[in-house]
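Here the structure is laid out as structure tokens; the discussion comes afterwards.
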Amino acid sequence: MTTVAQPSYRKRIGYQAGLLGGFTLIAAALLVMGDIATRDTIALRKAEDLKASLAQVIPPAIHDNDLLADPLTLEGPDGAPLTVYRAREGLQVTGVAYRVTGVGYAGTIELLLGLDAAGTVLGTRVLSHAETPGLGDKMEVAKGDWILAFDGLSLGNPPAERWAVKKDGGDFDQFTGATITPRAILGALRGGLEFFAKHRDTLTASAVVQVDTPDAARTQAPVRQP
């Protein structure tokens with residue numbers, strides 16, 4: 001039986017390192033190409049998901065604008081930038097929505113809070129959480145109506161100090177067998193309402209629309225429409 005002799009250069013460390021580097025480079029290039037090819041699609045799906053969530057906390061009947069078109073960015077309660085989505089009829093702001101967060105039993109709970117221009121809760125929905133299935137996930141609208149109890153309420157109705165579970169002297173029921181999760185949600189909602197109260201004038205100020213011109217030297221100054 002004849003054995004085919006392997007070229008001696010294949011045994012060299014430089015050859016092996018070069019071969020490994022080549023495969024690594026190809027793999028990295030494929031990953032980059034995959035990321036570029038799917039980036040727009042992923043961004044589109046995320047925008048669609050966010051738009052669907054916004055529709056649950058801001059009724060379509062109170063606005064005629066695209067909620068994603070002209071967001072406002074302010075400093076949030078934690079000091080980080082907070083994106084505020086504004087509902088408008090014409091240039092009149094009729095509602096706002098933004099994320100609020102609380103720390104539950106298993107980690108951060110992220111919610112979307114929608115308010116009308118007077119600060120009354122239009123709706124709130126859970127965007128993400130890691131709470132225990134079957135116990136701490138009852139704040140999801142698909143698992144129960146607990147989260148709907150906040151609709152129509154505001155920071156003064158009930159008073160701020162009663163935005164807590166009954167176990168803590170507040171007005172709201174906790175889940176059966178779970179207190180940490182609803183406590184975190186109520187803390188997040190109260191924080192969101194206080195944020196609105198603090199920035200109410202800014203959040204509900206008439207919108208400013210940027211007017212584009214076909215000229216390359218288009219006007220940069222914003223134009224406030226009547």
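What you are looking at is a predicted structure, and each value in this text was computed from that prediction instead of being measured. Residue numbers start at 1 and run along the sequence shown.
With a 4.5 Å cut-off on side-chain heavy atoms, P71 and V84 do not count as touching. Side chains of V121 and L193 form a contact here, defined as non-hydrogen atoms less than 4.5 Å apart. Considering only heavy atoms from C-beta on, R125 comes within 4.5 Å of L148 through its side chain. For the pair N65/L67, a side-chain contact is recorded, criterion being any heavy-atom separation below 4.5 Å from C-beta on. L122 is listed as a side-chain neighbour of D116, based on a closest heavy-atom distance under 4.5 Å. With a 4.5 Å cut-off on side-chain heavy atoms, R200 and L115 do not count as touching. Between F195 and L82 there is a side-chain heavy-atom pair separated by less than 4.5 Å.
I58 approaches A87 most closely through the heavy-atom pair CG2-CB, 3.7 Å. Considering all non-hydrogen atoms of both residues, Q174 and P182 come closest at CB-CG, 3.6 Å. Here the closest heavy-atom approach between residue A188 and residue T101 is recorded as CB-O, 3.3 Å. Smallest separation of non-hydrogen atoms from R99 and L112: N-CD1, 4.1 Å. Scanning both residues, W163 and S154, for their nearest heavy atoms gives NE1-O, 3.0 Å. When all heavy atoms of A184 and I109 are compared, the closest pair comes out as CB-CD1, 4.2 Å.
Judged by distance alone, the side chain of E110 and the main-chain N or O of V126 form no donor-acceptor pair under 3.5 Å. Looking only at distances, a side-chain donor or acceptor of R86 sits under 3.5 Å from a matching main-chain atom of D70. Using a distance-only test at 3.5 Å, with no hydrogens or angles considered, no donor-acceptor pair links the side chain of T108 to the main chain of G104.
To the nearest 0.5 Å, atom NE2 of residue H129 and atom OG1 of residue T132 are 9.5 Å apart. Between L189 atom CG and I147 atom CD1 the span is 6.0 Å, to the nearest 0.5 Å. Taken to the nearest 0.5 Å, the CE atom of M139 stands 4.5 Å off from the CD1 atom of I185. The distance from atom OG1 of T202 to atom CG of L72, rounded to the nearest 0.5 Å, is 7.5 Å. Note that NE2 of H63 and OH of Y85 are 13.5 Å apart. Values are rounded to the nearest 0.5 Å. Atom OG1 in T124 sits 4.5 Å away from atom CG in L111 (nearest 0.5 Å).
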L74/L203 under side-chain contact (heavy atoms from CB on, under 4.5 Å): CA gap, chis, key distance, verdict | CA-CA 9 Å; L74 298 177; L203 294 171; 3.6 Å; yes
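Here W146 and F172 keep their ring centres 6.0 angstrom or further from each other. When ring centroids are compared, F196 and Y98 stay outside the 6.0 Å threshold.
A salt bridge is defined here as a Lys NZ or Arg NE, NH1 or NH2 lying under 4.0 Å from an Asp or Glu carboxylate O, and R88 with D64 fails to meet this definition. With respect to the salt-bridge test (charged N to carboxylate O, under 4.0 angstrom), the residues K166 and D171 do not qualify. Ion pairing between a basic and an acidic side chain is recognised when a charged N comes within 4.0 Å of a carboxylate O; E194 and R190 show such pairing. A salt bridge does not link E48 to K51: none of the charged side-chain nitrogens sits closer than 4.0 Å to a carboxylate oxygen.
Side-chain polar atoms of T94 and E89 form no donor-acceptor pair below 3.5 angstrom.
Cluster membership for V165 and V100, using ILVMFWY side-chain heavy atoms within less than 4.5 angstrom, is shared. Grouping the Ile, Leu, Val, Met, Phe, Trp and Tyr side chains by contacts below 4.5 angstrom, directly or via other members, places I180 apart from L186. Both Y15 and F23 are assigned to one and the same hydrophobic cluster, defined by single-linkage of ILVMFWY side chains at heavy-atom distances under 4.5 Å.
Other residues, nucleotides and ligands place more than 12 heavy atoms under 6.0 Å from the CG atom of L44.
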